[in-house]
Amino acid sequence: MKDSMIRVRFAPSPTGPLHIGGVRTALYNYLFARKYGGKFILRIEDTDQNRQVATAEEYIMESLDWCGILFDEDPRKGGPYGPYRQSERKEIYGHYALQLVRNKFAYYAFDTEEELEQMRQRLKISDPAFAQYGPATRLEMKNSLTLTENEVQQRLKDGEPFVIRIKIPENEEIIVNDLIRGEVVVHSHNLDDKVLFKSDGWPTYHLANIVDDHLMKITHVIRGEEWLPSAPLHVLLYRYMGWEAEMPEFAHLPLLLKPDGNGKLSKRDGDRLGFPVFPLQWTGPDTQEVSSGYRETGYLPEAFINILAFLGWNPGTEQELFSLNELIDQFSLERIGKHGSKFDPDKAKWFNHQYLKLKTDEELAGLLSPTIENRGLKFNFNYIVTVCALIRDRVYLIPDLWNNSWFFFIPPSAYSQQVKQKIWKPETPGLVKAFLEEAGKLVEWNKDNLHAMLEVFLSGHNAKMGQLMNPLRLLVVGDNQGPGMTDIAGILGKEETLRRIRVGLERI
RNA sequence: GGCCCGUUCGUCUAGGGGUUAGGACGUCAGGUUUUCAUCCUGGUAACAGCGGUUCGAUUCCGCUACGGGCUACCA
């Protein structure tokens, strides 16, 4: 059955931005599809009319696009099994719900919200475990199991609101074969008569997802562990639809957990954990509240997916850096762990650092240039390349490019008093002035000549490197950071370097 | 509460009946260095507990504890 073509889907609900857990689920699906030459499908699960967020679908597509996780079939480009938005497939689902009713695997229910609440209250007193609509209670409720055929038809004809519920079997063991967890057995009396078709005319997730997975010929359902409890229900639905032979395989992924307290990572966590939970920056449509994203924080997409891939999966070797293609090559469901994992912001930065180190100086300059331009500064690209070559080792996130190089583009506006206190000695001004005079005589200003000159100068003044270099750095950069002082001076040029020293001497 | 899933260094994890329980991030110490980083070297640090099976269990089984998920006309 699944011999020829692997087909997997990522099926988010457009109720807001995707968080990194969702991206990871999409990534695993993508890797799996690519590895086996299958198809990767995006299906938008927008059956809840009350929870739609207009910009969410766009956000999801843009996010995965940024990651390089590309779909073969999706709502935009379509495909042979479209449409790919459940809202555009609305008329499909009723037919299948009715089929289930006809075959006595489901039934109409007319209970109002109040009646349901009453039932739950009543049952909670005796045994909360059975406070559900199911074999034990369905015969006390208002549904096509308790009403006569005529009554049911009359109510339907009168347009009375109804739902369709699955009729969970009385006494049955349901087996879910999970590719990650093995065999999971659940007894039917732990299941309830879930609503399949809502009174607003829309299917619930449970119905829609199995109908669509079947129609779209999905071979493997790879999704978060939060779905494991309803997997037996889905197995039952495949059976009742008569599709059990073509039922997809299941793989329930362990969840991404909050690094601090308890629970799974959620969209609500925003930035409060000290790292972004979203791939791209997100602005809440109502609140206008802005949550940061990995892209805007300065992560490279290739680092981002590598980080995500390793949250729950590992190759079993000691290699940690993987390109997308290498991930595709190495990926396997068998090597996905069973337990949830917490995101480690420090390691994430380290990963990004590794990928930044792989970039050429030119590529780094390309990443730095926009910042420079945005500040209204104009510099020759080659100059920027030279700067990047010098500071590249200290860059973890893209903004670090600027944070570690700004003094190549603008003079310091302040001088760290803390550093001054540490390195500024009574003899320092004299030494610096002497240097100024000597350096002024240097004809060909470059790093090597400067260095040679300095050695002579320092021995002449009986001073050590640090005694002069540290003050010079403070005057030129304003702080105790940056590459070698002669590197900086060499790049800045004679005029600018000496000017900064003179100005600094007065202002410090 | 019930059902289901899980549990190896602080974190991500490898491993698996007999190992010095390995790696990475972090951290600590040392080295390099004109500063800060980088980089290099070294150290720290884990099999949740209790029973059982076994010559032997961290590895298999059970129980307990802890963590997580689900328990909607949400997905």
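Sequence lines set the chain letters: A, B, ... in the order given, protein chains first and strands last, and positions in each chain run from 1.
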Trainee: Report which part of the nucleic acid A:N190 touches: base, sugar-phosphate, or nothing (heavy-atom distance under 4.0 Å, all strands).
Mentor: sugar-phosphate

Trainee: Which of the following nucleotides, B:A24, B:A75, B:C5, is nearest to the side chain of A:D48?
Mentor: B:A75

Trainee: Does a distance-only test, which skips hydrogens and angles, find a donor-acceptor pair under 3.5 Å between the side chain of A:R51 and the base of B:C74?
Mentor: yes

Trainee: Figure out the CD1/P separation between A:I336 and B:U13, and round it to whole Å.
Mentor: 11 Å

Trainee: Counting heavy atoms from C-beta on, name the nucleotide in B:C12, B:G6, B:C4 closest to the side chain of A:K338.
Mentor: B:G6

Trainee: Indicate, with a heavy-atom threshold strictly under 4.0 Å, whether A:D193 touches base, sugar-phosphate, or nothing.
Mentor: nothing

Trainee: Using the P atom in both, what is the distance from B:G18 to B:C61, to the nearest Å?
Mentor: 16 Å

Trainee: To the nearest angstrom, how far is A:E226 atom CD from B:C74 atom P?
Mentor: 17 Å

Trainee: Just call it for A:R223: base, sugar-phosphate, or nothing, with non-hydrogen atoms closer than 4.0 Å on any strand.
Mentor: nothing

Trainee: Are side-chain heavy atoms of A:L368 and A:W402 found at a separation under 4.5 Å?
Mentor: yes

Trainee: Ring of A:F162, cation from A:R155 - is the NZ or CZ under 6.0 Å from the centre and inside 45° of the axis?
Mentor: no

Trainee: Looking only at atom C1', what distance separates B:A57 and B:A21, rounded to whole Å?
Mentor: 13 Å

Trainee: Please figure out whether A:D479 or A:S199 has its closest RNA chain B nucleotide nearer the 5' end.
Mentor: A:D479

Trainee: Whole angstrom is fine here: how far is it from CZ in A:F407 over to P in B:A37?
Mentor: 14 Å

Trainee: Under 4.0 Å from any atom of RNA chain B, heavy atoms only: list the residues of residues 385-401 of chain A that qualify, in numerical order.
Mentor: A:D393, A:R394, A:Y396

Trainee: Consider the side chain of A:R181, meaning its heavy atoms from C-beta on, and name the nucleotide among B:G6, B:C70, B:A75 that approaches it most closely.
Mentor: B:G6

Trainee: Among A:R138, A:Q132, A:R165, which residue meets the side-chain hydrogen bond (donor to acceptor under 3.5 Å, both in side chains) test with A:D193?
Mentor: A:R138

Trainee: Any base atoms under 4.0 Å from A:T486, or only sugar-phosphate, or nothing? Heavy atoms, all strands.
Mentor: base

Trainee: Please tell me which of the listed nucleotides, B:C36, B:A24, B:G69, lies nearest to the side chain of A:E320?
Mentor: B:A24

Trainee: Which of parallel (below 30°), tilted (30 to 60°) and perpendicular (above 60°) describes A:Y28 and A:F331?
Mentor: tilted

Trainee: With a 4.5 Å cut-off on side-chain heavy atoms, are A:I210 and A:Y96 touching?
Mentor: no

Trainee: Taking the minimum atom-to-atom distance to the side chain of A:W350, which one of B:A75, B:C12, B:A24 wins?
Mentor: B:A24

Trainee: Are OP1 or OP2 of B:C25 and a side-chain N or O of A:H353 less than 4.0 angstrom apart?
Mentor: no

Trainee: Looking at residues 460-476 of chain A, who's got a heavy atom less than 4.0 Å off RNA chain B?
Mentor: A:M465, A:G466, A:M469, A:N470, A:R473

Trainee: Near RNA chain B, under 4.0 Å by heavy atom, which residues of residues 305-319 of chain A?
Mentor: A:F310, A:L311, A:G312, A:N314, A:E318

Trainee: Does A:K264 make a side-chain N or O approach to OP1 or OP2 of B:C70 shorter than 4.0 Å?
Mentor: yes

Trainee: Decide side-chain hydrogen bond (donor to acceptor under 3.5 Å, both in side chains) for A:Y93 and A:D212; before the verdict, give the C-alpha distance in whole Å, the side-chain angles of both, and the deciding distance to 0.1 Å.
Mentor: CA-CA 9 Å; A:Y93 308 108; A:D212 285 344; 2.6 Å; yes

Trainee: Go through B:A75, B:C73, B:C25 for me and flag the one nearest to the A:E45 side chain.
Mentor: B:A75

Trainee: Could I get the full list of ring pair (Phe, Tyr, Trp, His ring centres under 6.0 Å) partners for A:Y59, not counting sequence neighbours?
Mentor: A:W282

Trainee: Using heavy atoms to find the nearest nucleotide of RNA chain B for A:V186 and A:H451 separately, return the residue whose nucleotide is more 5′.
Mentor: A:V186

Trainee: Evaluate A:E160 against A:K142 for salt bridge (charged side-chain N to carboxylate O under 4.0 Å, His left out), listing each step before the verdict.
Mentor: CA-CA 12 Å; A:E160 196 173 309; A:K142 237 165 37 185; 5.2 Å; no

Trainee: Side chain of A:L228: nearest nucleotide among B:C4, B:C73, B:C25?
Mentor: B:C4

Trainee: On the 0 to 90° scale, with breaks at 30° and 60°, tag the A:Y294-A:F343 ring pair as parallel, tilted or perpendicular.
Mentor: perpendicular

Trainee: For B:C74, does either OP1 or OP2 sit under 4.0 Å from a side-chain N or O belonging to A:K198?
Mentor: yes

Trainee: Are the aromatic rings of A:F351 and A:Y299 close, with centres under 6.0 Å apart?
Mentor: no

Trainee: Please determine, for the side chain of A:H339, which listed nucleotide (B:U13, B:C12, B:U34) has the closest atom?
Mentor: B:U13

Trainee: Please give the nucleotide sitting opposite B:G67 as a Watson-Crick or G-U wobble pair, both distances under 3.5 Å, or none.
Mentor: B:C5

Trainee: Partner lookup for B:G30, please. Criteria are Watson-Crick or G-U wobble with both distances under 3.5 angstrom; report none if nothing qualifies.
Mentor: B:C40

Trainee: Mind telling me whether A:F110 and A:Y108 have parallel, tilted or perpendicular rings, with 30° and 60° as the class edges?
Mentor: parallel

Trainee: Check each residue of residues 8-17 of chain A for a non-hydrogen atom within less than 4.0 Å of any atom in RNA chain B, then write out the ones that pass by number, or none.
Mentor: A:S13

Trainee: What does A:K357 touch in the nucleic acid at a heavy-atom separation under 4.0 angstrom: a base, only the sugar-phosphate, or nothing?
Mentor: sugar-phosphate

Trainee: It should be established whether A:S341 places a side-chain nitrogen or oxygen under 4.0 Å from OP1 or OP2 of nucleotide B:U13.
Mentor: yes

Trainee: What pairs with A:D487 under side-chain hydrogen bond (donor to acceptor under 3.5 Å, both in side chains), at least two apart in sequence or on another chain?
Mentor: A:K447

Trainee: Quick check, are the ring centers of A:Y205 and A:W227 under 6.0 angstrom apart?
Mentor: yes

Trainee: A:W202 near the nucleic acid: base, sugar-phosphate alone, or nothing, with a heavy-atom cut-off under 4.0 Å?
Mentor: nothing

Trainee: Distance between the P atoms of B:G31 and B:C36, in whole angstroms?
Mentor: 13 Å

Trainee: What is the nucleic acid contact for A:V163, judged by heavy atoms within less than 4.0 Å: base, sugar-phosphate only, or nothing?
Mentor: base

